[in-house]
Every structure is written in structure tokens, then in C-alpha cells.
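These notes concern the structure reproduced below.
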Amino acid sequence: MYALLGAGTAFLLTWALSRSAASKKAHLEAPALGFVGSATLALFVLAAAFLVASSWQQRSTARDRTYQEARGLESAYAAAAALPAGGHVRRTLRSYTREVAGPEWGLMRERQMSTRASGDLDQARRTAAVLPVTTDDQKTAKETLGTTLDTVAGLRNQRSSDMRWSMPDPILYALIATSLLVVLFPALVGINAGPRHMIVMVLLGAVLGFGVYLVSSLQHSFAPPLGFGPDAYQQTLARFDQLDTSS
């Protein structure tokens, strides 16, 4: 859609602006205008490259943190197995993981978090804190469980921050402004509305439109089409089944 919008914009602007008398004779100043055109294109490329690199790095970091949270859930689930009354903690952790992998992931696309998932994790932490222990091994397992759940809670808070992350608006506005300048420039400096020129401008508009779409989509790490899914938590649910079998 963005590519078609860019192509249509380029077509209309080129057709409309190339009809003026000033545009038809602007080729006489081609050397100076060529430098301005190159500088305008360079500004667009610079803004797009900065936004893509920053957004991709943030996406990769957010994805790594989801796997850290999922591995923490596995460790907590395993630690709870060593405690006589750890079954309730394990059931709560399983409920939390299912909620994150399902309903919460859909909410995150709208930059919201599940209150049910938050409640499950809080309940698991409260239950773990009061579990009775009688041996040194159980005491160690309880300490491990509490520490791991604290880490999971911290990673969940970080995931909430990653969900709301976005590039500063002025940089995105600069990208849109420079893309419009790139499309406007040829028509303003003397390009005609012949078939070959129109094809070139339509293709250029499509590429610029896709570039703007790519940058805007990369800022949403948890939403399609370029965001990642809850694979880490789905793998954790499968790991829970394996731990139950081996217990």
C-alpha cells in the first residue's frame, strides 16, 4: 500500500509540475541543480539508514530479552519441582506462560500488557516466598526460585518498555520530508512527463514509499508483519511438559 501510494504521488506530482514553463527551461541550470538533487537523495538515505539500523537493533534486543525471560521461567519451574509444595507455583507459571504466548501477545500489538499475566506472576512470587522448607537442599531451591522469579519480573518490565519503544518523531518526519523532496525535485527542475520519465518516477516513488513503510514497521517489534512472535514462550510450554515427565 505504501509503495502504491508513493508511486501514485510521484506520478501525479511529476505530471502536474512538469507542465509549467519554468520547469521546461530549468534544465539550463542542470549542473547546480544536480548537486542539490544528489544532496537531497543523500539526506533521505542517511535518515532511512539511521532509522533502519536503530530499529533493527532494538528489535533484536527485544527478541533476546523474551528468550531470557522464557529461560528464566524454565529455571523457576525446575526449581519449584524440588520443593514439597511447589506444585502451585508450577501451575501458576504454566498459566502465566500460556497467557503471554496467547492473549498478551495480541494485546502487545496494541501496546498493552495483560493484567491476568501480571497477576499470575505476582501470585507465583508471593507463593514462592512462603513455601515451607525443611532441608538445606530445599532452602537452596527456594532461594533459586525466588531469585529467578525476580529476574523474570524484571525482564517482563523490560518487555513492556520495549513494546512502547519508538524513534523520536522529528527523525521520522525528516524521513518523510526528504522522501517527498526526492520525488518533487525532478519535476521542479525540468523533467518532462514523457513515458520513460514517468516510469522512472513511478518506480522511484514506489521504492521511497516502501522505505517509509519498512522504517515505520520496524518500530513495532511485537507486531506483524516484521515483528517476531511468541516462539520463546511456546518452546517453554513444551519444556514444562518435558520437566513434568522427568519429575
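Only heavy atoms go into these numbers, but all of them, side chains included; no hydrogens, no water, no symmetry mates. Values in this document were obtained by computation on a predicted structure and should not be read as measured data.
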Problem set entry | Any donor-acceptor N or O pair under 3.5 Å, side chains Arg239, Gln242 | yes

Exercise. Among Asp120, Thr92, Asp150, which residue meets the side-chain hydrogen bond (donor to acceptor under 3.5 Å, both in side chains) test with Arg125?
Worked result: Asp150

For this session: Answer yes if the side chains of Arg156 and Ser160 hold a donor-acceptor pair under 3.5 Å, and no otherwise.
Result: no

Exercise. Which of parallel (below 30°), tilted (30 to 60°) and perpendicular (above 60°) describes Phe222 and Trp105?
Worked result: perpendicular

Problem set entry | Exam field: side chain Thr147 to backbone Thr144, donor-acceptor pair closer than 3.5 Å | no

Exercise. Between the side chain of Ser118 and the main-chain N/O of Ser114, is any donor-acceptor distance below 3.5 Å?
Worked result: yes

For this session: Indicate yes or no: does Arg59 engage Asp162 in a salt bridge with an N to O separation below 4.0 Å.
Result: no

Exercise. Any donor-acceptor pair under 3.5 Å linking the side chain of Thr127 with the backbone of Ala124?
Worked result: no

Problem set entry | Check: Arg90 side chain, Tyr77 main-chain N or O, donor-acceptor pair, under 3.5 Å | yes

Problem set entry | Side-chain donor or acceptor of Glu69 paired with backbone N/O of Arg65 under 3.5 Å | no

Exercise. When rounded to the nearest 0.5 angstrom, what distance separates OH in Tyr96 from CG in Leu73?
Worked result: 6.0 Å

Problem set entry | Shortest non-hydrogen contact from Thr134 toward Gln138 | N-OE1, 2.8 Å

For this session: May I ask you to decide if Ala129's main-chain N or O and Lys142's side chain share a donor-acceptor pair within less than 3.5 Å?
Result: yes

Exercise. Taking the side chain from Ser179 and the backbone from Ile176, do they hold a donor-acceptor pair closer than 3.5 Å?
Worked result: yes

Problem set entry | Contacts of type ring pair (Phe, Tyr, Trp, His ring centres under 6.0 Å), residue Phe44, not counting sequence neighbours | none

Exercise. Below 4.0 angstrom, N of the basic side chain to O of the carboxylate: do Arg159 and Glu104 qualify?
Worked result: yes

For this session: From the options Gln58, Arg111, His220, select the one residue that forms a side chain to side chain contact (heavy atoms under 4.5 Å, CB included) with Trp165.
Result: Gln58

For this session: Could you tell me whether the side chain of Ser55 and the main chain of Val52 form a donor-acceptor pair under 3.5 Å?
Result: no

For this session: Considering only NZ, NE, NH1 and NH2 on the basic side and carboxylate oxygens on the acidic side, decide whether Arg94 and Asp244 come within less than 4.0 Å.
Result: yes

